[in-house]
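Read through the structure below, which is laid out as structure tokens, and then see the notes.
Being a predicted model, the structure only gives us computed values, none of them experimental. Just so you know, these numbers use all the heavy atoms, side chains as well, and skip hydrogens, waters and symmetry mates.
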Amino acid sequence: MPGNFFLVGLMGAGKTTVGRALARATGKTFYDSDHEIEARTGVRVPTIFELEGEAGFRARECAVIAELAGMKEIVLATGGGAVLNPDNRASLRRGGFVIYLRANVDDLYMRTAHDKNRPLLQTANPKQRLAELFEARDPLYREVADLVIDTSRQTVQHLTHQLLQQLEHKAYAHR
């Protein structure tokens, strides 16, 4: 399966975990845009939010995504808010096949409830915040996606297998 695969979706949808498994299964190099930003700045994402605000973080994210989307034979897990920027959506569409990992708010909350590295969830009601983020971002994820996969209540192995089958089917259909 030639080309790049880009994973989009809310925090907790499984982008990093599924992305690593997909990269292993396809022999591609895995990148996570948040991890790349952390490696380049030397600090964690919450620290960037604290020092530069969300706007500062988003500017860094845009530069990293533009660079990574121009690479070849990679799997990229993007940050949950990457789709907010039209430039990011354009880079992803141009650079590869976009997969939206979609999960319901209850599952997302269960997966992220105890994670302190989620700056947008450091609120009095993180589940409500997730619901708001889902409502705002779901249309953008769908707009950019070539494929939508539901990640609710599935193992990583099953998800990866299902994803590979769908990707092979799509590749075969485009011949």
Side-chain angles (χ1 to χ4, degrees), residues 1-103 108-123 126 129-130 133 136-137 140-141 144-147 149 151 156-157 159-160 163-164 167:
M1 283 181 260
N4 294 330
F5 298 126
F6 303 137
L7 303 175
V8 298
L10 273 175
M11 59 188 96
K15 299 180 301 287
T16 300
T17 306
V18 172
R20 280 193 179 109
L22 181 60
R24 271 194 307 274
T26 58
K28 298 181 187 303
T29 304
F30 175 75
Y31 292 93
D32 178 298
S33 61
D34 285 352
H35 295 167
E36 285 296 306
I37 293 165
E38 290 177 346
R40 293 169 188 208
T41 60
V43 297
R44 307 274 302 154
V45 168
T47 304
I48 297 170
F49 265 75
E50 187 179 313
L51 297 175
E52 299 179 1
E54 185 172 356
F57 172 78
R58 296 292 173 208
R60 290 179 182 278
E61 180 179 59
C62 187
V64 165
I65 286 176
E67 179 186 325
L68 293 172
M71 297 174 76
K72 301 288 181 222
E73 299 302 316
I74 70 164
V75 174
L76 171 63
T78 63
V83 296
L84 296 172
N85 184 325
D87 293 338
N88 288 342
R89 294 195 305 274
S91 290
L92 294 172
R93 273 196 296 269
R94 251 191 331 269
F97 190 87
V98 182
I99 302 157
Y100 171 20
L101 297 184
R102 188 174 189 274
L108 294 169
Y109 178 70
M110 284 182 6
R111 295 174 190 168
T112 60
H114 302 294
D115 189 342
K116 298 302 175 211
N117 287 317
R118 311 278 185 179
L120 294 178
L121 295 184
Q122 302 312 306
T123 69
R129 181 69 178 132
L130 272 171
L133 292 170
R137 295 176 182 179
L140 298 172
Y141 295 136
V144 75
D146 296 300
L147 176 65
I149 294 276
T151 68
V156 173
Q157 294 81 3
L159 266 172
T160 305
L163 193 48
L164 288 169
L167 290 171

Output yes when a side-chain donor or acceptor of N4 lies under 3.5 Å from a complementary backbone atom of M71, and no otherwise.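 Flag set: sc N4 to bb M71 pair under 3.5 Å.
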Y141 side chain to G80 main-chain N or O, any donor-acceptor pair under 3.5 Å?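 Looks like yes, one N/O pair under 3.5 Å.
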Is any side-chain heavy atom of [Y] closer than 4.5 Å to one of [X]?
X	Y	result
I48	T41	yes
D34	V64	no
I65	F6	no
N85	E61	no
R24	T160	no
E73	T26	no

Rounded to the nearest 0.5 Å, how far apart are [atom1] of [X] and [atom2] of [Y]?
X	Y	atom1	atom2	answer
E38	S33	CD	OG	10.0 Å
E52	R60	CD	CZ	4.0 Å
D32	I37	CG	CD1	8.5 Å
T151	K15	OG1	NZ	9.0 Å
I149	L7	CD1	CG	10.5 Å
L147	L163	CG	CG	6.5 Å

Tell me the closest heavy-atom pair linking [X] and [Y], and the distance in Å.
X	Y	answer
R93	V98	N-CG2, 4.3 Å
R89	L84	NH1-O, 3.5 Å
A23	F30	CB-CB, 3.7 Å
S91	A66	OG-CA, 4.0 Å
G96	D146	O-OD2, 3.8 Å

Test L22 against L167 for side chain to side chain contact (heavy atoms under 4.5 Å, CB included), laying out the working first. CA-CA 11 Å; L22 181 60; L167 290 171; 4.1 Å; yes
List the steps, then state whether side chain to side chain contact (heavy atoms under 4.5 Å, CB included) holds for T78 with V83. CA-CA 9 Å; T78 63; V83 296; 5.7 Å; no
